[in-house]
Engineer: 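If you scroll down you'll find the structure; I have some questions about it.
All values below were derived from every heavy atom in this structure, side-chain atoms included, with hydrogens, water molecules and symmetry-related copies excluded. The structure presented is a predicted model; accordingly, all values stated were derived computationally and were not measured.
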Amino acid sequence: MTNIKANQDRLLSERPVTELKGVGASLAAKLTKLGLYTLQDCLFHLPARYQDRTRVTPLGSLQPLQDVVVEGRVRGCDIVFGKRRSMLCVIDDDTGRLSLRFYHFSNAQKQRLTEGTKIRCFGETRRGSTGLEMYHPEYQLLDEQNESLEESLTPVYPATEGITQPRLRNLIQQSLALLSDQNLPELLDESLRQHVNQVSLLDALRFLHAPPSDAPLSQLLEGEHPYQQRLAFEELLAHHLTLLQARAEVQQHRAPELLYHSDVIHHFRSTLPFTLTNAQQRVFEEINADICSSKPMLRLVQGDVGSGKTLVAALSALQAVSNGYQAAIMAPTEILAEQHRINFSLWFEALNISVCALTGRQKVAEKRASLEAIANGQAQIVIGTHALIQDDVVFNNLGIMVIDEQHRFGVQQRLALRQKGRDGLFPHQLIMTATPIPRTLAMSAYADLDCSVIDELPPGRTPVETVVISQQRRDQVVARVDQACQEGRQAYWVCTLIEESEVLEAQAAEASAVALQAALPNLRVGLIHGRIKGPEKEAVMTQFKQGELDLLVATTVIEVGVDVPNASLMIIENPERLGLAQLHQLRGRVGRGTAVSHCVLLYSAPLSQTAKSRLQVMRESSDGFLIAERDLEIRGPGEVLGTRQTGELQFKVADLQRDAHLLDDIHAAAALIQHQPQAQLISQRWLGRNARYASV
């Protein structure tokens, strides 16, 4: 008895799923696909929705496409042959009859369904060759002992191939039967539970896995029941604590102290043909305060399209160089990397600072020379793509790393660049994005970073006027392009595809370029897409920047970083295929000069409701933060955050939009307990084997 009691009190987080009845090695392997390794994991595998199986529907009142519970007596069970062999079981009650069809069955199953047997089924009714049918319903044979109906709503769990809902329910019910305060301790003390009306963890789990028949189903489906909110609070707290822990780990390391050299900074600013905006100045002062310290900077700079983030990055790089350190700028595309190389070279020429490029498509000799210059310190500012993180890239003394368009890079890529420091020093990290992040996402997904916002555009920038036009008026749009270019302006024509295929995108862009050149024989038309080689791509972009091309036909490779002030017209074909953030980025390629600029969204009918909502937002607003909020509403946090959260920010019960009202309390709670032992226990409970994902 003592051993049994000891086993009962063992933490459920330490007890593998193989302790459950019916779980062998094969089923345990399938459960790992759902992240279920322990009994605790089973309890936190929460229902995605609920079915009401508390009432029996008479067979005579059934309608197609209903999820219902029915009861009847078997009137016949036969194997029938059609396109596919199946077992057809006919049941009836006093009001009508129904056919149950099984494509996968055994002889033992057929033998149990004998005439006169009473049966209860749950499934969806459909029209079939015999009238209304249920395909593969869940069913049980009834006798006097098990005639009582379900007393609770039936949970439907996230599942995977080879694991049925009844099997999942059985495993979770077994886990619930073992649940106690000793083996699943309450980690939120009374002061923290005040934020969720003192709801206990055990009560919440028992209720959510088996809500009573009178539970408010609509509230449960919306995720707003107090028991769901109790769990959402703890889950969001776990994510927040994990990010704070990641930040604390990074800041235990030392970083180089990049002191402010006013003479160098002032000399550089005096060479610029423009002055910094107040927002740029404020953000640079925030960065300066960070990098003067020996703690590694972890700062995210948000700025709408055209707000001048690149100049802030240049000032930060200059501060590293003036202290004898190198700076690295990592961009997601070769076009953007080349754009940065050109700008930085022009800006720093007067200061005699060397700027070096490193991309994947450099020739062998060129790459070898770059690697040598980086290793011996001759390259003071290094600009490149993900080629910067390759093993053969060795920095002499990296002081600061700038990650541009951070959502294009994964955690491991940023981690690899961070490890390029020397002598135990961590380089400072400056992460930039032109995709404004809604406050709810920034508070939860970027808790490990300090955030700065460049919320002001340089003077002279005019908002881009956006119009939505059907493909049926394509000829008018082509004529508008001709007129704009004849007046001395330049234009973009962007081709998009549903398929994520560089080959197909390239073919579509090539076909469009041929058609547009034929329709506009007086214009100089250029073409750029992902399959064009680096040097050729750079040559086309240079021609466009210098005004040697009137119209540039392109894929979405021009989404970020292309800066041609004379381009004042953009046509985006099939904009309904893109997300709001991407549309906003593309539109930001025009309106960079003083001329009134236009963006034409050339859509193909019919449009879905989501696509209509997107295009309406684009037409009505040029505010990147407002657009980001709407993008979050339409697409959800996973899509908006991009690769930072792919496979990482997968919540079991929390929803960043629905539960945004909890975030202020969660921040306060995290500040209270982040240095207490329970903080790590909360993170481990909810994130399990992913608890260290945020170490970036």
Side-chain angles (χ1 to χ4, degrees), residues 240 243-244 246-247 250-251 255 257-260 265 268-269 272 274-293 295-320 327-332 340 399-409 414 417-418 426-458 461 560-561 581 584-585 588 623-629 632 640-642 644 663-664 667 694 696:
H240 194 71
L243 289 166
L244 292 180
R247 178 184 176 86
V250 169
Q251 296 203 315
E257 295 178 27
L258 306 180
L259 303 179
Y260 183 77
I265 300 294
F268 171 66
R269 291 178 61 167
L272 298 173
F274 48 80
T275 57
L276 270 65
T277 64
N278 291 333
Q280 285 174 310
Q281 179 65 36
R282 183 189 71 247
V283 170
F284 176 60
E285 287 170 2
E286 291 168 353
I287 293 168
N288 176 51
D290 287 346
I291 61 181
C292 284
S293 164
K295 282 187 176 180
M297 173 177 69
L298 296 163
R299 184 167 292 277
L300 172 70
V301 173
Q302 300 182 64
D304 211 341
V305 175
S307 60
K309 296 179 298 302
T310 307
L311 183 59
V312 171
L315 284 164
S316 308
L318 177 58
Q319 194 150 328
I329 291 88
M330 187 161 75
H340 285 336
I400 189 170
M401 50 185 254
V402 180
I403 312 289
D404 200 4
E405 290 306 321
Q406 56 75 36
H407 64 286
R408 301 294 193 86
F409 294 105
R414 291 192 294 279
L417 187 54
R418 189 182 76 193
F426 266 38
H428 296 283
Q429 293 182 58
L430 180 62
I431 297 168
M432 304 197 303
T433 179
T435 304
I437 300 162
R439 178 176 176 270
T440 51
L441 289 188
M443 288 177 72
S444 51
Y446 293 94
D448 54 328
L449 303 175
D450 296 308
C451 289
S452 296
V453 178
I454 304 179
D455 52 5
E456 180 183 2
L457 291 176
R461 289 282 170 87
V560 291
H584 183 58
Q585 285 288 310
D623 181 335
F625 283 91
L626 173 65
I627 288 170
E629 291 284 359
L632 177 61
V640 174
L641 286 168
R644 175 180 172 87
L663 291 174
D664 287 328
H667 279 223
V696 294

Engineer: Stepwise, does the side chain to side chain contact (heavy atoms under 4.5 Å, CB included) test hold for R299 with I287?
Structural biologist: CA-CA 8 Å; R299 184 167 292 277; I287 293 168; 3.9 Å; yes
Engineer: So, taking the atom named CZ in F274 and the one named CZ in R269, what distance separates them when rounded to the nearest 0.5 Å?
Structural biologist: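 The CZ atom of F274 sits 10.5 Å away from the CZ atom of R269.
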Engineer: So which atom in I400 and which in A317 form the shortest heavy-atom distance, rounded to 0.1 Å?
Structural biologist: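 The pair with the smallest heavy-atom distance is CG2-CA, 4.4 Å.
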Engineer: May I have the list of side-chain donor-acceptor pairs in residues 309-316 shorter than 3.5 Å, sequence neighbours left out?
Structural biologist:
residue : atom : partner : partner atom : Å
K309    : NZ   : G303    : O            : 3.3
S316    : OG   : V312    : O            : 2.9

Engineer: Please name the pair of heavy atoms, one in H428 and one in A255, separated by the smallest distance, quoted to 0.1 Å.
Structural biologist: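 Looking at all heavy atoms of both residues, the shortest contact is CE1-CB, 3.5 Å.
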Engineer: So does V453 get a backbone contact from the side chain of R282, meaning a donor-acceptor N/O pair under 3.5 Å?
Structural biologist: yes
Engineer: Between D623 (side chain) and L626 (backbone), is there a donor-acceptor pair under 3.5 Å?
Structural biologist: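 Between the backbone of L626 and the side chain of D623 there is a qualifying donor-acceptor contact (under 3.5 Å).
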Engineer: Using a distance-only test with no angle check, is there a side-chain donor-acceptor pair under 3.5 angstrom linking T433 and Q302?
Structural biologist: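 Short answer, no.
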Engineer: Compare all side-chain heavy atoms of L298 with those of V250 and state whether any distance is below 4.5 angstrom.
Structural biologist: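 Sidechains of V250 and L298: in contact.
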Engineer: So does A246 get a backbone contact from the side chain of D448, meaning a donor-acceptor N/O pair under 3.5 Å?
Structural biologist: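 It does not hold such a pair.
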Engineer: Could you tell me if the side chain of M401 sits less than 4.5 Å from the side chain of Q429, heavy atoms only?
Structural biologist: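 Q429 vs M401: side chains touch.
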Engineer: Would you please test N278 and E456 for side chain to side chain donor-acceptor pair (under 3.5 Å) and show each step?
Structural biologist: CA-CA 8 Å; N278 291 333; E456 180 183 2; 4.5 Å; no
Engineer: How long is the span from the CG atom in D455 to the CG atom in D304, to the nearest 0.5 Å?
Structural biologist: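 It is 10.0 Å, given to the nearest 0.5 Å.
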Engineer: Calculate, to the nearest 0.5 Å, the distance between atoms CD and NZ belonging to E257 and K295 respectively.
Structural biologist: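 Answer for the CD-NZ pair, E257 versus K295, is 12.5 Å.
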Engineer: Before you tell me yes or no, could you show the steps for D450 and R247 under side chain to side chain contact (heavy atoms under 4.5 Å, CB included), namely the whole-Å CA-CA distance, both residues' side-chain angles and the distance that decides it to 0.1 Å?
Structural biologist: CA-CA 10 Å; D450 296 308; R247 178 184 176 86; 2.8 Å; yes
Engineer: State whether a side-chain donor-acceptor pair under 3.5 Å links D404 with H340.
Structural biologist: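 Per modelled atom types, D404 and H340 side chains form a pair under 3.5 Å.
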Engineer: Taking atom CG of N288 and atom CD of Q281, what is their separation to the nearest 0.5 Å?
Structural biologist: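 Going from the CG atom of N288 to the CD atom of Q281 covers 9.5 Å.
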Engineer: Atom SG in C451, atom CD in E286: separation rounded to 0.5 Å?
Structural biologist: 10.0 Å
Engineer: Assess the residue pair C292 and Q319 against the criterion (side chain to side chain contact (heavy atoms under 4.5 Å, CB included)); give the C-alpha distance rounded to whole Å, side-chain angles, the decisive distance to 0.1 Å, and a yes or no.
Structural biologist: CA-CA 9 Å; C292 284; Q319 194 150 328; 4.0 Å; yes
Engineer: Are side-chain heavy atoms of V301 and L430 found at a separation under 4.5 Å?
Structural biologist: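 Of all side-chain heavy-atom pairs linking L430 with V301, at least one is under 4.5 Å.
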Engineer: Side chains of Q280 and T275: closer than 4.5 Å at any heavy-atom pair?
Structural biologist: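 No, every pair of side-chain atoms sits at 4.5 Å or beyond.
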Engineer: With heavy-atom distances below 4.5 Å as the criterion, would you say the side chains of I403 and M432 are in contact?
Structural biologist: no
Engineer: Report the distance from atom CD1 of I291 to atom CG of L259, rounding to the nearest 0.5 Å.
Structural biologist: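 Between atom CD1 of I291 and atom CG of L259 there are 9.5 Å.
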